[in-house]
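What follows is a set of notes on a single structure, which appears directly below.
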Amino acid sequence: MSQFNLSAFEEEAHEQWTHAFESNPSALEKYYLNVAFPYPSGAMHVGHGRTYIVPDVIARFWRMRQKQVLFPMAFHVTGAPVVGISKRIANKDEKTIRLYRDLYRVPQNILDQFTDPLTIVRHFADEYQRVMTACGLSIDWRRRFITVDPTYSKFIEWQWKHLYDAGHVMKGAHPVRYCTVDENPVGDHDLMEGDKAEVIKFTLVMFRFGDAFIPCATLRPETIHGVTNLWANPDVTYAKIRLDGKPWIVSKEAAEKLALQDHTVEITGEITGSDLVGKTVSHPLCGEVPILPAPFVDPDMASGMVMSVPAHAPFDYIALRDLQQKGQYTEIKPIPLIKVEGYGEIPAQYAVEKAGIQNQMDSRMDALTQEIYSAEFSKGKLFDKYGGKPVRVAREEVAELMQQKYDSVVMYEFDQRPVVCRCGNRVRVKILHDQWFLKYGDQVWKQEVQDHVDTMALVPPEVRAEFDRTIWWLKDWACTRRVGLGTRFPWDTNQLIEPLSDSTVYMAYYTIAHKVREIEPKLLTPEVFDYIFLGKESEDLPEKKKLDAMRKEFLYWYPYDFRFSAKDLISNHLTFQLFHHCTVFAGQKDKLPRGMVVFGMGLLNGAKMSSSKGNVFLLEDAVKEFGGDTVRMFLMGSAEPWQDFDWRNELVLSTKKQIERFYNTVMEIKDASGEPHDIDRWLASRLQMHIAKTTSALENFQTRQALQEAYFGIETDLKWYRRRLPKDCDGSRELHELCSVWVRLLAPFIPFTGEHLWKELAGEGLISFAPWPVTDEKLVSPKIELAEELLARTVEDIESIVKLIQLQPKAITIALAPEWKHQIFRMIAKAEDKNTVIKEIMKDESMRKRGKETTDTAKQCTTLIHRLPPYVVEPLVQDPINEKAVFDAAKAFLEQEFGVPVHVVMAEEAGHVKALTALPFKPAIIIE
RNA sequence: GGGAGGAUAGGAAAGCUGGCCAACUCCGCCGGACUUAAGAUCCGGUCCUUAGUGGUUCUUGGGUUCGAAUCCCAAUCCUCCCA
């Protein structure tokens with residue numbers, strides 16, 4: 001008998017699988033599923049494993065259900081990250097090199113070539129394919145592509161033409177990080193410092209100083225009425241400028257920044273901070289306020305001038321208090337204008353005093369500012385005299401008003417500093433005007449998507465709410481970039497299509513990916529794709545024969561049936577692709593996606609997997625160490641796909657033992673040749689149920705549930721079966737059929753072991769294509785199962801009693817309930833009104849004669865019926881079993897189990913008080 | 001801060017259209033059988049208690065109900081997305 005040797009099985013299977021999963025249109029019904037393709041910038045870890053193994057299990061399942069299954073894979077290489085990686089490697093960045101050399105184990109000679117970004121993604125794309133294959137993924141690799149293939153770019157151009165024609169692509173202005181030395185926008189990877197910094201939008205409130213404006217930057221324009229003064233840094237020399245022709249006073253840094261943000265700036269002079277201090281400016285809405293000195297004012301923050309709202313800003317409150325404690329400006333009082341529960345009259349004062357903050361240098365100031373900011377934003381309301389609106393509403397409205405009527409302008413600034421370019425220069429915010437957007441904000445477009453989502457199958461159902469929300473929350477999306485790999489933007493070839501935007505309809509491209517390569521890219525005009533995907537005829541189409549073949553593929557496969565992805569992509573990619581499908585296939589509802597399955601995230605030993613933190617376990621290592629089947633079965637069995645899952649090496653080991661146990665069991669019993677016994681009928685009946693349950697679980701993507709049934713369910717039954725076999729009897733020859741079913745049910749999960757066992761069982765062809773087991777109704781026998789359940793429950797009861805009394809039993813008597821108790825049981829179980837059922841029973845003379853005995857039994861039966869599962873009670877009512885026959889038949893078994901004589905008697909004949917407690921389905925047990 | 005989803009015994013995880021629930025299943029651990037032994041396998045146990053029973057449980061605190069892990073409210077914590 002051949003030994004369990006997973007790696008040998010894997011080798012065997014791989015040989016037979018080469019090209020086996022290449023899938024072409026056929027007479028069979030199709031099933032097309034796909035996964036969000038990977039960005040191959042590093043090695044695969046076990047978290048990736050599950051993302052691709054789940055769809056593979058589903059693919060294998062439907063393939064065995066005799067569908068024509070398409071499971072393709074490609075690689076997403078568009079975007080900037082690898083460009084950054086290659087630069088860092090070129091710059092000999094230690095951290096990056098360590099990651100690639102030590103964690104991902106890239107050989108030095110290849111690492112040396114990683115200064116070219118394409119080399120990185122090509123290397124890891126190959127590695128992905130190798131590891132995916134090692135995991136047994138049944139992918140049609142002919143269709144593999146990467147997103148910078150020239151043919152793919154042509155496809156993207158076609159797709160974008162449709163978006164553009166539909167009016168969904170538009171040009172606009174957009175603030176970006178910008179390096180004034182490189183004269184280029186700056187991506188994450190180009191930053192030396194400040195990669196977390198975000199661009200935020202300030203409103204500049206204009207105070208009038210003589211004929212000039214002094215702009216103060218604020219995130220809280222709604223507090224304008226609470227301004228008591230301005231702050232200027234007395235140690236700073238400010239610039240007098242003409243901004244768009246108007247005189248302004250700002251910091252020198254601000255002058256430089258504003259010039260990048262759509263303003264013409266001309267420096268006309270200087271004025272020191274100390275010259276400003278003590279002067280007054282006129283408030284845009286009301287009266288005059290003074291300029292006070294404040295060393296904390298940073299000239300490099302926004303305009304370099306700050307408006308002070310001491311009632312609501314802790315910094316302003318403290319700065320003012322400090323001055324007043326020196327006896328200065330004592331006439332200034334904070335002006336509260338926002339009411340917020342739990343913060344007293346003057347929130348900033350309340351919070352500062354409650355925290356016991358002494359001065360501006362206190363380290364808690366930032367947190368306190370954030371706290372007030374949040375509290376007021378979420379719960380605050382303006383005083384009635386200022387409109388009485390909630391802060392979150394008023395903020396927008398006031399900002400709008402200030403811009404419309406009071407000369408306010410918007411200024412963009414980073415939320416943290418410094419932000420420094422790799423070249424060493426400071427990065428600024430610049431407004432670019434040739435930025436292109438996808439108008440996801442378009443209400444009509446949203447509605448189209450919503451209408452379609454309503455018809456889609458979403459798994460698990462809970463994610464529907466998140467899709468719905470995302471559709472309506474999406475705003476216009478900046479869809480072009482200047483740096484990275486990708487397809488050139490057709491309407492501005494200096495720019496590239498942004499990575500999330502170029503991978504939205506590629507599921508359609510898969511259908512033709514292997515054939516479109518045969519055509520020269522330059523021939524792939526939009527008309528060509530219009531023909532392939534939309535059936536639009538036009539003159540002079542090249543290579544018509546090939547196009548027809550592709551058209552045929554597309555029509556056969558599309559739309560896809562299910563797309564699989566982790567849940568983090570719901571709010572971008574998964575929703576984007578629906579927007580794009582709705583436009584590209586406008587008017588062809590039958591080409592829109594049918595369903596999606598959304599996964600949970602992966603953990604490693606309870607912590608988040610993260611390559612940068614080194615908390616990863618490479619999938620390849622896992623496969624080598626434990627075997628492909630083991631990795632698959634562990635990942636599928638520990639949680640359902642949509643749950644987060646945790647990988648723990650010590651748990652995986654026991655999964656391997658389980659596979660081995662399965663293998664050994666099958667090898668042991670497959671050639672059994674005994675005559676069938678009664679218990680074989682039970683086993684066959686149970687098997688039908690497991691087939692049905694496994695099937696329905698897989699139809700619903702419940703991999704764990706399916707394994708539960710297919711593996712443990714059958715294993716448990718087999719144990720009982722073998723226990724129940726008469727002494728010295730081997731299993732019957734019917735076990736061969738059970739093995740055949742069992743191996744097929746598990747084949748989607750453990751295909752390597754599956755293929756090997758299939759051969760051992762003399763199965764035809766590859767198990768990967770063998771027909772999925774179907775239930776045979778003829779073999780289903782609820783009655784046999786029920787009888788067996790009665791026996792098993794009784795055995796359990798006997799065991800628990802034997803254990804409790806701690807005596808060595810000499811004999812066991814099983815006393816069965818008399819027929820009249822069965823009658824009561826049935827009447828109660830059937831009765832709709834439990835209150836009158838006793839009366840009903842008492843109508844019977846023979847029952848009445850028994851008196852209290854009857855009522856007691858009725859009570860006990862009521863309790864018992866409650867305790868028994870419906871699947872037991874129901875058949876007992878419909879078609880009672882003959883308990884005597886069951887136990888008589890099992891007498892030998894029971895004696896063998898307990899090693900003492902077993903007597904089966906009717907309760908009346910037992911002559912023992914305990915016997916009187918016998919109930920239907922619950923015989924009395926007397927142990928001597 | 002906004003949104004979506006979670007929290008179940010040592011670990012993972014089912015149940016969650018209210019009564020089949022002391023709560024499926026797997027792992028771990030403990031005991032027994034087999035074995036020279038280990039491993040594997042099989043049997044049993046694994047909240048407390050007990051002739052097959054009863055008690056206290058499903059993050060915490062309230063509520064609805066004859067009855068709640070399951071429904072409602074609040075709090076705490078976790079995950080993902082956006083800000």
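Quick note on labels: first sequence line is chain A, next is B, and so on, each numbered from 1.
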* With the side chain of A:Phe712 defined as its heavy atoms from C-beta on, choose the nearest nucleotide among B:U25, B:G2, B:A4. => B:U25
* **A:Ala465 side chain, from C-beta outward: closest of B:C27, B:A4, B:C82** => B:A4
Expressed in whole Å, how much space separates the [atom1] atoms belonging to [N] and [M]?
N     : M     : atom1 : result
B:G10 : B:G45 : C1'   : 15 Å
B:G67 : B:G18 : C1'   : 8 Å
B:C24 : B:C47 : P     : 11 Å
B:C66 : B:G1  : P     : 40 Å
B:C27 : B:A14 : C1'   : 15 Å
B:U76 : B:U60 : P     : 16 Å

Between protein and nucleotides 9-12 of chain B, what N or O pairs are separated by less than 3.5 Å?
residue	atom	partner	partner atom	Å
B:A12	O2'	A:Ser638	O	3.2

Separation of [X] atom [atom1] from [N] atom [atom2], in whole Å?
X        : N     : atom1 : atom2 : value
A:Gln705 : B:C26 : CD    : P     : 13 Å
A:Arg793 : B:G52 : CZ    : C1'   : 13 Å
A:Arg220 : B:G1  : CZ    : P     : 15 Å
A:Tyr711 : B:C26 : OH    : P     : 10 Å

* Is any side-chain N or O of A:Gln708 closer than 4.0 Å to OP1 or OP2 of B:A13? -> no
* Asked: For B:C27, does either OP1 or OP2 sit under 4.0 Å from a side-chain N or O belonging to A:Gln658?
  -> yes
Is [X] reaching over with its side chain to a backbone N or O of [Y], donor-acceptor style, under 3.5 angstrom?
X        : Y        : result
A:Glu222 : A:Val398 : no
A:Glu498 : A:Ser501 : yes
A:Arg632 : A:Pro748 : yes
A:Asp717 : A:Leu683 : no
A:His312 : A:Thr223 : no

* Between A:Tyr440 and A:Phe576, is the ring centre distance below 6.0 Å? -> yes
Can you give me the N/O atom pairs linking the protein to nucleotides 38-43 of chain B at distances under 3.5 Å, or say none if there are none?
residue	atom	partner	partner atom	Å
B:A40	OP1	A:Lys657	NZ	3.2
B:U41	OP1	A:Arg661	NH1	3.4

* To do: Look at the rings of A:Tyr711 and A:Trp742 and say which category their plane angle falls in: under 30° parallel, 30 to 60° tilted, over 60° perpendicular.
  => tilted
* Quick one: sort the A:Tyr663 and A:Phe9 rings into parallel, tilted or perpendicular, breaks at 30° and 60°. => tilted
* Do A:Trp720 and A:Glu788 have side-chain atoms, one donor and one acceptor, less than 3.5 Å apart? -> yes
* So what does A:Pro923 hit on the nucleic acid, given a heavy-atom distance under 4.0 Å: a base, only sugar-phosphate, or nothing? -> base
* Asked: Which is true for A:Gln643 with a 4.0 Å heavy-atom rule: it touches a base, it touches only sugar-phosphate, or it touches nothing?
  -> sugar-phosphate
* **A:Lys446 atom NZ, neighbour heavy-atom count above 12 within 6.0 Å** => yes
* Around atom NZ of A:Lys670, are there more than 12 heavy atoms of other residues, nucleotides or ligands at under 6.0 Å? -> yes
* **Pairing annotation in dot-bracket form, given for RNA chain B with Watson-Crick or G-U pairs under 3.5 Å and | for cross-strand partners** => ((((((((.[[[..)...(.....]]]((((((.......))))))((.....))...[[[[[..)....]]]]]))))))).
* Electrostatic pair A:Lys656-A:Glu660, nearest N-O below 4.0 angstrom -> no
* Find which nucleotide of RNA chain B each of A:Lys567 and A:Gln702 is nearest to by heavy atoms, and output the residue with the more 5' nucleotide. => A:Gln702
* Hey, which sits more toward the 5' end of RNA chain B by its nearest nucleotide, A:Glu640 or A:Glu462? => A:Glu462
* When you look at A:Lys567 and A:Glu466, which way does the salt bridge (Lys or Arg N to Asp or Glu O under 4.0 Å) test go after all the steps? -> CA-CA 10 Å; A:Lys567 68 177 170 188; A:Glu466 206 170 346; over 6 Å; no
